[in-house]
Amino acid sequence: GGVAVGGVAGTLAERAAADPSGPGSAARNPNPLSGAAEASTASDPIEFYGRHQPGVTDRAPAQLRFLTFDLTDAGRRGGALAKVMTRLSGAAAAMMAGHWLPEQGAVTENLAPAGLTITFGFGAGLLRAAGKPVPPALNPLPALPGDALDPARGDGDLAIQVCSGDPQVVSSVARALVVLARGPLRLRWSQNGFLPSAAASRDAGATPRNLMGQLDGTDNPTGSRLEIAVWLPSQGASPGWMADGTYLVTRRIRMLLDSWQEQPTAFKEHVIGRSLSTGAPLSGGDEHTAPEFTARDRSGALAIATNAHVRLAHPANNAGATMLRRGYSFDDGFRADGQPDAGLFFQAFQVDPEQAFTPIQRRLAGSDALRRFIRHEASAVFAIPPGATRGGWVGETLLG
Ligand code: HEM
């Protein structure tokens with residue numbers, strides 16, 4: 001009953017459920033970022049309908065387009081929101097199955113969805129427009145030290161995350177969704193992202209490297225820890241419409257790549273607390289050995305420095321706070337000052353940002369050795385409602 005590590009069909013939960021040896025095996029329930037982006041084939045599209053929305057615990061394919069929208073006056077009128085979510089959900093289900101829409105013209109003719117997922121998120125503004133109470137987990141994040149946020153590139157009433165192994169599929173799907181949303185919704189901001197593609201990856205099972213060159217995603221939760229960290233419970237969730245949903249925090253984090261590049265390797269390793277080449281913690285072992293925060297090197301100094309990123313971010317040093325990081329690199333060219341406009345479009349899924357992202361980021365912003373080399377430029381929080389039942393639509397539990 002083993003599940004191929006490179007497989008992309010089904011959520012991790014479904015894969016675990018289909019596995020007679022049960023959930024919790026790291027090998028059978030790989031972290032969505034461990035493994036180079038795998039292009040799906042025509043034969044195994046990811047299912048849109050289900051308990052959870054797709055694109056959360058599914059392995060991240062190579063291409064991302066993240067879209068956000070504001071409601072227009074027309075969108076605030078009674079019933080308009082339910083109508084547009086019905087339309088967008090139907091379109092998403094069809095396109096994920098590779099049934100392309102007239103709105104796409106001939107652009108995707110003969111293309112497979114390549115692991116396409118389409119995920120919807122609701123911002124606090126959408127709930128207010130719908131006359132619903134805003135759950136505390138969806139409150140705007142507090143101002144955090146070091147933030148230099150551009151409001152025009154943050155927040156939004158509706159978010160749509162489009163992921164696929166193919167850049168042309170992503171482009172065409174995103175455009176079709178923007179066209180279908182017209183009237184009740186107006187595009188607010190969008191962000192492209194990427195990971196190493198399957199075509200270029202010599203080791204399909206390897207953790208992808210970010211633009212600083214680090215293996216990124218190593219210590220993401222897997223198995224039952226992942227389920228508990230990400231999904232609100234099916235029963236007894238508060239608010240009830242979020243049962244089997246999750247919350248997403250996005251941060252556009254620019255990397256100061258020119259000054260990072262100048263640093264010696266040993267320094268770069270101390271900034272994170274892991275080896276640059278293998279990703280192993282500086283306390284010893286291999287990439288997946290748990291870091292030992294009390295270990296000392298030969299000189300008697302802490303092997304993982306007091307201000308190392310993994311020490312400050314690790315659940316054991318944050319009262320257990322855990323999230324799923326599923327970010328994408330971005331490269332939007334160069335800024336007017338000649339510096340690369342590139343970095344990490346950080347995305348974290350969790351049961352409650354107030355218990356996970358926010359306290360961890362507050363600590364990182366205070367003393368993380370990495371903070372010299374990064375700038376948080378935009379921020380958003382979205383409620384990711386449960387998946388749609390067959391024939392239903394995303395948001396039905398709130399707006400139906
Ligand atoms: C771990 C890089 C921002 C939370 C890591 C690791 C790297 C890394 C290389 C070690 C490998 C791994 O476990 O994935 C970066 C870079 C960032 C960034 C380059 C910004 C450009 C953030 C932010 C947060 C965060 C904003 C949350 C507020 C974490 C957590 C871990 C981690 C929770 C796992 C710690 C552990 O369990 O050992 N990051 N990170 N990171 N990072 Fe970040």
Side-chain angles (χ1 to χ4, degrees), residues 31-35 60 141-142 144-147 149 193 195 206-222 225-226 229-230 247-257 259-260 263 268-283 285-293 304 307-331 340 342-350 353-381:
N31 127 27
L33 280 180
S34 76
L141 299 180
L144 292 162
D147 278 0
L149 306 180
L195 292 169
T207 307
R209 289 186 189 270
N210 61 29
L211 296 185
M212 286 180 154
Q214 301 137 355
L215 296 173
D216 198 341
T218 298
D219 207 5
N220 256 332
T222 58
R225 280 189 65 229
L226 172 65
V230 169
Y247 290 92
L248 168 64
V249 172
T250 73
R251 307 279 284 188
R252 187 186 201 268
I253 310 177
R254 182 163 56 90
M255 294 171 170
L256 307 186
L257 291 173
S259 46
W260 177 253
Q263 309 303 321
K268 288 178 174 169
E269 294 181 327
H270 281 297
V271 165
I272 297 294
R274 288 182 175 272
S275 153
L276 205 51
S277 60
T278 67
L282 296 182
S283 49
D286 61 24
E287 186 191 348
H288 292 286
T289 306
E292 256 188 69
F293 295 110
I304 298 174
N307 62 351
H309 183 74
V310 298
R311 176 188 292 276
L312 296 170
H314 195 276
N317 303 326
N318 289 284
T322 308
M323 58 193 158
L324 170 66
R325 290 166 291 129
R326 195 182 190 266
Y328 278 80
S329 295
F330 70 86
D331 185 344
L344 177 66
F345 184 66
F346 176 93
Q347 294 185 265
F349 294 94
Q350 64 233 285
E354 289 187 332
Q355 303 293 322
F357 175 82
T358 302
I360 295 174
Q361 176 54 23
R362 184 169 279 127
R363 277 192 90 195
L364 292 175
S367 40
D368 187 6
L370 193 59
R371 83 196 150 141
R372 251 179 72 194
F373 302 100
I374 60 178
R375 293 289 178 270
H376 285 244
E377 295 187 331
S379 176
V381 195

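Every number for a ligand or one of its atoms is a count from 1 in the order of the listing.
- Side chain of N307 to main chain of D368: no donor-acceptor pair is present (N/O by atom type, distance under 3.5 Å, no hydrogens or angles).
- Distance from atom 27 (C) of ligand 1 to its nearest protein heavy atom, with residue and atom name: M323 CE, 3.4 Å.
- Between F357 and F346, a ring centre-to-centre spacing shorter than 6.0 Å is recorded.
- Expressed to the nearest 0.5 Å, how far OG of S379 lies from CD1 of I253 amounts to 9.5 Å.
- Residue, atom and distance of the protein heavy atom nearest to atom 12 (C) of ligand 1 are T218 N, 3.3 Å.
- When all heavy atoms are compared, the tightest approach of P353 to P359 is O-CD, 3.8 Å.
- Using modelled atom types, one side-chain atom of N210 and one backbone atom of M212 make a donor-acceptor pair closer than 3.5 Å.
- Counting all heavy atoms, side chain and backbone alike, L364 lies closest to L312 at CD2-CB, 3.8 Å.
- By the 3.5 Å distance cut-off applied to N or O atoms, N220 is not counted among the residues near ligand 1.
- In terms of protein heavy-atom proximity, atom 26 (C) of ligand 1 is nearest to Q361 OE1, 3.3 Å.
- Checked by distance only, ligand 1 and D219 come closer than 3.5 Å through their nitrogen or oxygen atoms.
- Judged by distance alone, the side chain of N317 and the main-chain N or O of R311 form a donor-acceptor pair under 3.5 Å.
- Counting only N and O atoms by type, the side chains of E287 and T207 include a donor and acceptor under 3.5 Å apart.
- Distances shorter than 4.0 angstrom do not occur between any heavy atom of G343 and any atom of ligand 1.
- Only protein N, O or S atoms were considered, and those under 2.8 Å from atom 43 (Fe) of ligand 1 are H309 NE2.
- Evaluation of the side-chain contact (heavy atoms from CB on, under 4.5 Å) rule for I272 yields Q214, R274, H309, V310, L370 as partners, not counting sequence neighbours.
- Listed by atom number, the atoms of ligand 1 under 4.0 Å from P315 heavy atoms are 37 (O).
- D286 contributes a side-chain N or O that, together with a main-chain N or O of T289, makes up a donor-acceptor pair within less than 3.5 Å.
- Of the protein's heavy atoms, G217 N, 2.6 Å lies nearest to atom 14 (O) of ligand 1.
- For atom 11 (C) of ligand 1, the nearest non-hydrogen atom of the protein is L215 O, 3.5 Å.
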